[in-house]
Structure formats: C-alpha cells, structure tokens
Number of protein chains: 2
Amino acid sequence: MIESLPKVFSALADDTRWRILARLGEGPASASALARELPVSRQAIVKHLDVLRAVGLVESQERGREVVYRAVGGRLSDVARDLERIGSVWEQRLSRIKHMAERDG
Amino acid sequence: MIESLPKVFSALADDTRWRILARLGEGPASASALARELPVSRQAIVKHLDVLRAVGLVESQERGREVVYRAVGGRLSDVARDLERIGSVWEQRLSRIKHMAERDG
DNA sequence: CTTATGTGCAACTCCAGAGTTGCACATGAG
DNA sequence: CTCATGTGCAACTCTGGAGTTGCACATAAG
C-alpha cells in the first residue's frame, strides 16, 4: 500500500495532469476533446492519461470509435486515507519524543 | 489551496525523499545523520530537505552547530483532507451524470 | 464512396532535477 | 589549542519525462 504511494504522487506531481484530472472531474471526455480544451497536443494528453490510468486515477471505456476517460474519485480518497494515517502516526511519535525530552529535562 | 497541491506531490514523488520522510517520522535527525543511514551523499540529502521544507512537510531547527529536521505530520493531514474533498466531489458529479444518462437513455 | 475526425506508434528535442565531487568555513569535542 | 565533525556553496554529469512532429490506420459522418 505505502509502497505504491510514490507512483501515485509522481502521477499527481504534474500540472498538466492536474488540469486533465480537474477537467475529467467535471465529466468524462476523450483524448481529442481534452486536447482541444488544453494547450497541449493530443499525443501528450494520451501519455498523461496512460500515466493516470496506470495508478488507477482514471478509467477508460471505448465508446464507438472514441475512447472516453473519466476520473476515479474513489482512488483519490484511498490515497487521502493513507496520507492521513501516516501523518497522524508521525504526530503521535513526535509528541511522545517531545514529552520524553521535557521529562528528562 | 489546490494550486499548491502539485508542488506537494512533486515533493512526495521522489523515493529518496519518501525514505527521508519515513526516517524523520521515527524521530528528528540532522542531514549528516540521514546521510549516514541512507545511500546518498549529505549534499543530496540537504537538497531534498530544502524541497520538503519548502512545501511544509519538514521543519528545521538549529541545535548547537547542527541543524535538526523533523517531519510535520499535520501538513500531510492537510493534504489528505484536500484530496478527500476533491475525490468526493468527483464521485458526486460522476454519479449525477450517470443517473441523467440512465434517465434519458 | 469519400472525407473528416479519432487513435496508435515512433522518433526526436529539451530541460528540470537527482546525484556527485571538491573546497572552504565554522564550531563542538578531546 | 587541535582536530574531527557538521554545513554551505558551486560546478558538473546524466537520466527521466514532458512535449513535439510525422505518419499510418480505422471508422463515423456526409
């Protein structure tokens, strides 16, 4: 679980991919449609969609001759849960160390 | 808020930075100490710590002649909250679109 | 049928950033 | 004081990945 996090973050690290995700968050779209709305070529869009699909943030479905993509919000929620868990563990450890330091002077 | 997310994820996208964070999650440490425990040079560690500090995932404090770093779990929880919010919005929109399609279909 | 539109594959450019080495300087430890 | 240890700054290499162009192919639209 935690092993796969860097991959997901790598996917979320790119501005263009965020724009794509934000757009797909409004509703499904094809690569060509996205290329018309964003200032990048269709081929670049496809590469980004491949990356997003590889980490489960996007799903694709063939519709006629088109390939329609849609954002997977549930995947984002999963990542959020992992992060929250890790962050709280850090906080607990840090406060425990602080208390020990204060006690020992 | 969402504008800063790509920066944070870019910081979290690197394996070495993740190892550094995991180590700091166990307790504070200096750059030299981290360099001894990880298979990278101290200078590389410092660069990573600068990146992590820039996005609030790590804080530094001068202790004598050393500079001690510690992980900021709260920052991670903030990011988690943002992600959860965004993901749930996507899910709501998608289900609404699906229902409309079924009704009209 | 003919054409416009959507995809897939491949080769290429380009640059950010991860990591290195080297050196100079400061300061706690002995 | 003397020396080991911790830092800071700078220049350099090198690889991954973002974006591009070009071409071939498939298929809905007219």
Side-chain angles (χ1 to χ4, degrees), chain A residues 3-24 26-71 101 105, chain B residues 3-24 26-71 101 105:
Chain A
E3 296 79 19
S4 68
L5 282 181
K7 308 269 189 196
V8 181
F9 291 138
S10 182
L12 291 173
D14 187 82
D15 285 313
T16 300
R17 277 198 283 274
W18 265 107
R19 284 185 216 115
I20 292 175
L21 281 176
R23 168 58 184 82
L24 291 181
E26 306 281 335
S30 69
S32 296
L34 290 169
R36 273 183 241 113
E37 304 177 27
L38 299 177
V40 276
S41 68
R42 173 185 62 87
Q43 289 85 339
I45 297 278
V46 172
K47 287 183 184 177
H48 286 306
L49 287 170
D50 286 341
V51 172
L52 293 172
R53 192 160 36 117
V55 295
L57 285 167
V58 150
E59 285 179 358
S60 64
Q61 182 184 4
E62 301 199 8
R63 230 182 114 85
R65 75 169 161 177
E66 294 189 353
V67 179
V68 176
Y69 297 82
R70 71 171 202 275
Chain B
E3 296 78 19
S4 68
L5 283 179
K7 310 270 188 192
V8 181
F9 289 131
S10 181
L12 290 172
D14 187 82
D15 285 314
T16 300
R17 276 198 287 274
W18 201 250
R19 282 184 219 117
I20 291 176
L21 281 176
R23 168 57 185 82
L24 290 181
E26 306 281 335
S30 69
S32 295
L34 290 170
R36 271 183 241 113
E37 303 177 26
L38 299 177
V40 275
S41 68
R42 174 186 61 86
Q43 290 84 340
I45 297 277
V46 171
K47 289 183 185 178
H48 286 306
L49 288 171
D50 286 341
V51 172
L52 292 171
R53 193 160 34 119
V55 295
L57 284 168
V58 150
E59 284 180 358
S60 64
Q61 182 185 4
E62 301 200 10
R63 234 181 111 86
R65 76 170 161 176
E66 294 189 352
V67 179
V68 176
Y69 296 83
R70 72 169 202 276

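Excluded from the calculations below are hydrogen atoms, water molecules and symmetry mates; all remaining heavy atoms, backbone and side chain alike, are included. Being a predicted model, the structure only gives us computed values, none of them experimental. Residue numbering restarts at 1 for every chain, and letters A, B, ... go by the order of the sequence lines.
- A close approach under 4.0 Å does occur between a side-chain nitrogen or oxygen of Arg36(A) and OP1 or OP2 of dG6(C).
- Between Asp50(A) atom CG and dG8(C) atom P there is a gap of 8 Å when expressed in whole angstrom units.
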Side chain to side chain contact (heavy atoms under 4.5 Å, CB included), that's the test. Do Val46(A) and Gln43(A) meet it? Break it down for me. CA-CA 5 Å; Val46(A) 172; Gln43(A) 289 85 339; 5.7 Å; no

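- In this structure, Trp18(B) and Phe9(A) have tilted ring planes: the angle between them lies in the 30° to 60° band.
- Using a 4.0 Å cut-off, some side-chain N or O of Thr16(B) falls inside it from OP1 or OP2 of dG19(C).
- Residue His48(A) holds its NE2 atom at 10.0 Å from CG of Asp15(A), rounded to the nearest 0.5 Å.
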Summarise how protein sits on nucleotides 22-30 of chain D as a single string, 5' to 3': B when a protein heavy atom is under 4.0 Å from the base, S for sugar-phosphate-only contact, - for no contact. B----BS--

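- Side-chain atoms of Lys47(A) and base atoms of dG19(D) include a donor and an acceptor less than 3.5 Å apart.
- Rounded to 10°, the angle separating the first-five-pair axis and the last-five-pair axis of the helix from dC1(C)-dG30(D) to dG30(C)-dC1(D) equals 30°.
- If you measure from atom CZ of Arg17(A) to atom C1' of dG16(D), you get 12 Å, rounded to the nearest angstrom.
- Atom pair Tyr69(B):OH and dG8(D):C1' shows a separation of 10 Å (rounding to whole Å applied).
- We find the CG-OG distance between Asp50(B) and Ser60(B) to be 8.5 Å, quoted to the nearest 0.5 Å.
- Between Leu57(B) and Leu21(B), the closest heavy-atom pair is O-CD2, 4.1 Å.
- Atom-to-atom, CG of Leu38(B) to P of dA18(C) comes out at 15 Å; the value is rounded to the nearest Å.
- If you measure from atom CZ of Phe9(B) to atom C1' of dG17(C), you get 20 Å, rounded to the nearest angstrom.
- Closest to the Ser41(B) side chain, of the nucleotides dA18(D), dA18(C), dT21(C), is dT21(C).
- Closest approach of Arg23(B) to Ala29(B), counting heavy atoms only: NH2-CB, 3.7 Å.
- One interatomic measurement links the two molecules: CG of Asp15(B) to P of dT15(D), which rounds to 18 Å at whole-angstrom precision.
- Once rounded to the nearest 0.5 Å, the distance linking CZ of Arg42(A) with OG of Ser30(A) reads 10.0 Å.
- Shortest non-hydrogen contact noted between Arg17(B) and Ser10(B) is NH2-O, 3.2 Å.
- Checking each of Leu34(B), Leu24(B), Leu38(B), Val40(B) against Arg19(B) for a side chain to side chain contact (heavy atoms under 4.5 Å, CB included) leaves exactly one that passes, namely Leu38(B).
- When every heavy atom of Ala35(B) is checked against every heavy atom of Ser41(B), the shortest pair comes out as CB-C, 4.2 Å.
- Between the CG atom of Leu49(A) and the P atom of dA18(D) there is a distance of 13 Å, rounded to whole Å.
- Under 4.0 angstrom from either OP1 or OP2 of dG17(C) there lies no side-chain N or O belonging to His48(B).
- Counting any heavy atom pair closer than 4.0 Å across all strands shown, Val51(A) reaches no nucleic acid atom.
- Set against dG19(D), dG19(C), dG6(D), the side chain of Glu66(B) has dG6(D) as its closest nucleotide.
- Spacing between atom CD1 of Ile20(B) and atom C1' of dA18(C) amounts to 11 Å, rounded to whole angstrom units.
- Residue contacts for Arg63(B): at a heavy-atom cut-off of 4.0 Å it reaches no nucleic acid atom on any strand shown.
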